[in-house]
S.K.: 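What follows is a single structure, and I will ask about it in a moment.
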Amino acid sequence: MDYKSYIAKKLNIEGVDENTIASFLEVPPTSDMGDFALPCFKLAKILRSSPVKIAEDLANGFAVDNVILSCSAVNGYLNFKINRNGFAKSVIAEVLSKGDLYGSDDIGSGKTICIDYSSVNIAKPFHIGHLSTTVIGGALCKILKFLGYKVVGINHLGDYGTQFGKLIVAFKKWSSKEAVIEGRLKELNRIYVKFHEEAKVDPSLDDEARRYFKLIEEGDKESNELFNLFKEITLNEVEKIYKMLNVSFDSYAGESFYNDKMAPVIEELKEKNLLKESDGASVVDLSEYDMPPCLILKSDGSSLYATRDIAAAEYRKTTYDFYKCLYVVAYQQNLHFKQVFKVLELMGKPWAKDLIHVAYGMVSLESGAMSTRSGNVILLEDVLNTAIEKAYGIIDEKNPALKDKEKIARAVGTGAVIFGALCNNKIKDIVFSYDRVLSFEGETCPYIQYTVARCNSVLNKFAYNGEFSAEDLNSEEYEVISTIARFSETVKSAAEKYEPSFIARFALDLATAFNKFYIDNKIGDENALIRNKRLAITKAVKSTLTNALTLLGIETVEQM
Ligand code: ARG
C-alpha cells in the first residue's frame, strides 16, 4: 500500500494533482512528530495562502478512517498519525519482496543525464583532490540509474595544453620509454617537476616546450606517439583506482577530442555578434552579467578551456540529447561554469538551462595543501592503500580468527575513504583523517558495515520463517521500520539536490536505529511470533543498508 498516495487522495486539494501532493509528503525524522507530514509552505504559492492557514483548513476538512488515525495542523505542517500495524506490514513486505530494488523508481525513464566527473588530467598525479569528484559523480550515476534515468558518465580528460610539450622535452632530456613504463605516473610526475625546476634557470626550455606542443597539434608522428604513451599510462593507472572505487565511464572524450569541433562554435559566435576583440584575443563580453569576459581565442589563435567546454556541451546535446548535463567539479571553477553557461545561453541554446555545475568543497589532508608543480602531492592510490592497511590492522586486532581478512579490509578501507568524502554536505571543505574515517564508532562507514555484519550474524543464527506480525510493535521496532520507510524519498531528494550525503546520513540513521533496537531487544526471543517479527526487521535493515551503501559505491561484508 502506498500511504502517500492514499493520503494525497483523501486530502483531495483543488487545483493540485494527487501526485504532486504525494511527492510533498514526508516521513518526519522522528516518529513522535507523527508518521507523515505535509509541509504546507510548499502549497502556499499555488493556493495563495499562508502555510498556517492552509494546514488548519486542511486539518478541519480531513476525515480520519482506520488507516489514517489522526490529522492535525502544527505550525504550517499537517501531521498524520497512521495505523502503525498496517504501515509496518506494508513497509516490511515491500522491502523483502523488492530486495535490491527497494527504493528504486522509474521517474527518470526516457530521460538521459550526462555526468561529467572525475575528469583527470593526463600525466598528472591522481591525488586526493580528485576523490570528491570521483565518488560524488560515481554515486550520482548510480542514484540516477536507480531512479530509471539513462546515465552517460563522461571523463572529460585534461589531455590538451602546453604541459604536454613540457613533458616531451623533459622525457627526451631526463627519461626513456623503459623508465616511463616502469615508473608510470610517478616517473611522469618526477620529470614534470624537474622541468619546472630547470626552466627557472633556463627559460629556453619553455620555448622548446611550446614548439613540441605545436608539433602535437600539427599531428607530428613522434610527438603524438609520446603523447599517446603518456595518456595510456595515466589511464591504466587511474582505471585501477576506478575499480577500487566502483566507478566506470561511458565516454573518455577529453579536451583534445574537441580540437576539430571548435571551429563551428567560433563561427556561430561570430555570426551571432558575440565575439569581441580585446588585446588581440577574442572574448565574449559578460560585463552586463557582472562577470569578466569569457576568453574564447588567445591572441595566437589557440583555444581555451572554456572554448572546449562550449564545444563539448554542444556535442553532448547533439549526441545524447540530454535532459540534464551535470558537471561535478570543485567550486573553484564556479566562475568558469557560470561564464560557459551564460555564453551558451547568449548563443540562444534553450538547453543552456539544463547545464548544472554540481560544485563541491576541497579535501585536504591534515598535513596541509598540495601542489602538482612542486611535487608535494598525496596520491589517491596511497590514501586508499593506507586505509586498507590500517583497516586490516584494526580487524586483525578485533577479530584475529576472521576468514578473508584481506578482502574485508579492502571493503572497509576503501569504504571508509569513500564515505568520508560523501557523508557531509558536498560544498563543505573537508580535512581528511584516517583515524576518523576508520573509527568503528560515530558517523563512519565501518560503523554501518559493522551493522550489516551484525544483521547477518543474527540471520545466520536464527532461521526466519517468512512471516511478519505487526501486533504490539514497541518503539524501537517501530523506529527502525519508519526509518526504512524514508529510504525512497531520501534517494529521490539526493537525486534532486545532487547530494549523495543524504543517503549517507540516512544509512547512519538506520544503523543507529537498528543498533538501539538490537541492544534493547532480544531478537532470538522464545516466542516465535516475536522472534520472526524481529528477524524480519533485521532482514529488512540488512537489505536497505546494503542498497544505500551500494548507491554510494561501497561494498558490504558478511562478517567483520
Ligand atoms: N580536468 C579539469 C580539472 O582537473 C576538470 C574538468 C571538468 N570538466 C569540464 N567539462 N570542464 O580541473
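When a ligand or atom number is given, it counts from 1 through the structure's own listing order.
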S.K.: Taking the side chain as every heavy atom from C-beta outward, state whether Arg308 and Asn259 have any pair of such atoms under 4.5 Å apart.
M.R.: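 Yes, close enough: below the 4.5 Å cut-off.
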
S.K.: Tyr117 and Phe249: aromatic ring centres closer than 6.0 Å?
M.R.: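 Yes, ring centres under 6.0 Å apart.
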
S.K.: Check each atom of ligand 1 against the heavy atoms of Tyr327 and keep those under 4.0 Å away; list them by number with element.
M.R.: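 Reading through ligand 1 atom by atom, the close ones are 10 (N).
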
S.K.: How far apart are the C-alpha atoms of Phe164 and Tyr212, what are their side-chain angles, what is the distance that settles it, and do they pass the ring-ring contact (aromatic ring centres under 6.0 Å, His included) test?
M.R.: CA-CA 8 Å; Phe164 296 103; Tyr212 271 110; over 10 Å; no

S.K.: Where do Phe227 and Asp159 come nearest, in terms of heavy atoms and distance?
M.R.: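 Answer, listing the atom of Phe227 first, then Asp159: CZ-O, 3.2 Å.
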
S.K.: Aromatic ring centroids of Phe257 and Tyr315 under 6.0 Å?
M.R.: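 Yes.
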
S.K.: Checking the N or O distance criterion of under 3.5 Å, is ligand 1 in contact with Asp116?
M.R.: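 Yes, since at least one N or O of Asp116 sits under 3.5 Å from an N or O of ligand 1.
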
S.K.: Please confirm whether His336 comes within less than 3.5 Å of ligand 1 when only nitrogen or oxygen atoms on both sides are compared.
M.R.: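 Checking ligand 1 against His336, no N or O pair falls under 3.5 Å apart.
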
S.K.: Side chain, backbone, both or neither: which part of Val120 has a heavy atom under 4.0 Å from ligand 1?
M.R.: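 For Val120, no heavy atom sits under 4.0 Å from ligand 1.
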
S.K.: Show which atoms of ligand 1 fall inside a sub-4.0 Å distance from at least one heavy-atom site of Tyr305.
M.R.: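 Per the distance check, 2 (C), 5 (C), 6 (C), 7 (C), 9 (C), 11 (N).
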
S.K.: With no hydrogens and no angle check, do the side chains of Ser501 and Asn424 hold a donor and an acceptor under 3.5 Å apart?
M.R.: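 Judged by distance alone, the side chains do not pair up.
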
S.K.: Flag Arg316 as yes when one of its N or O atoms lies below 3.5 Å from any N or O atom of ligand 1, and as no otherwise.
M.R.: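 There is no such contact.
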
S.K.: Are Phe337 and Tyr327, when compared by the centres of their aromatic rings, separated by less than 6.0 Å?
M.R.: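 Centroid distance Phe337-Tyr327: below 6.0 Å, so yes.
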
S.K.: Are any of the side-chain nitrogens in Glu345 or Lys353 under 4.0 Å away from the carboxylate oxygens of its partner?
M.R.: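 The answer is no: the pair does not qualify as a salt bridge.
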
S.K.: Consider every N or O of Ser119 and every N or O of ligand 1, then say whether any pair is closer than 3.5 Å.
M.R.: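 Checking ligand 1 against Ser119, an N or O pair does fall under 3.5 Å apart.
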
S.K.: Purely on distance, is any nitrogen or oxygen of Glu255 under 3.5 Å from one on ligand 1?
M.R.: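 By distance alone, the answer is no.
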
S.K.: Show the atoms of ligand 1 that are less than 4.0 angstrom away from any heavy atom in Gln333.
M.R.: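 So the answer, numbered in order with elements, is 3 (C), 12 (O).
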
S.K.: To the nearest 0.1 Å, how far is atom 4 (O) of ligand 1 from its closest protein heavy atom, and which atom is that?
M.R.: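 In this structure, atom 4 (O) of ligand 1 has Asn121 ND2, 3.1 Å as its nearest protein heavy atom.
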
S.K.: Mark up the atoms of ligand 1 that fall under 4.0 Å of a heavy atom belonging to Phe337, in ascending order.
M.R.: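 Numbered from 1, ligand 1 contributes 9 (C), 11 (N).
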
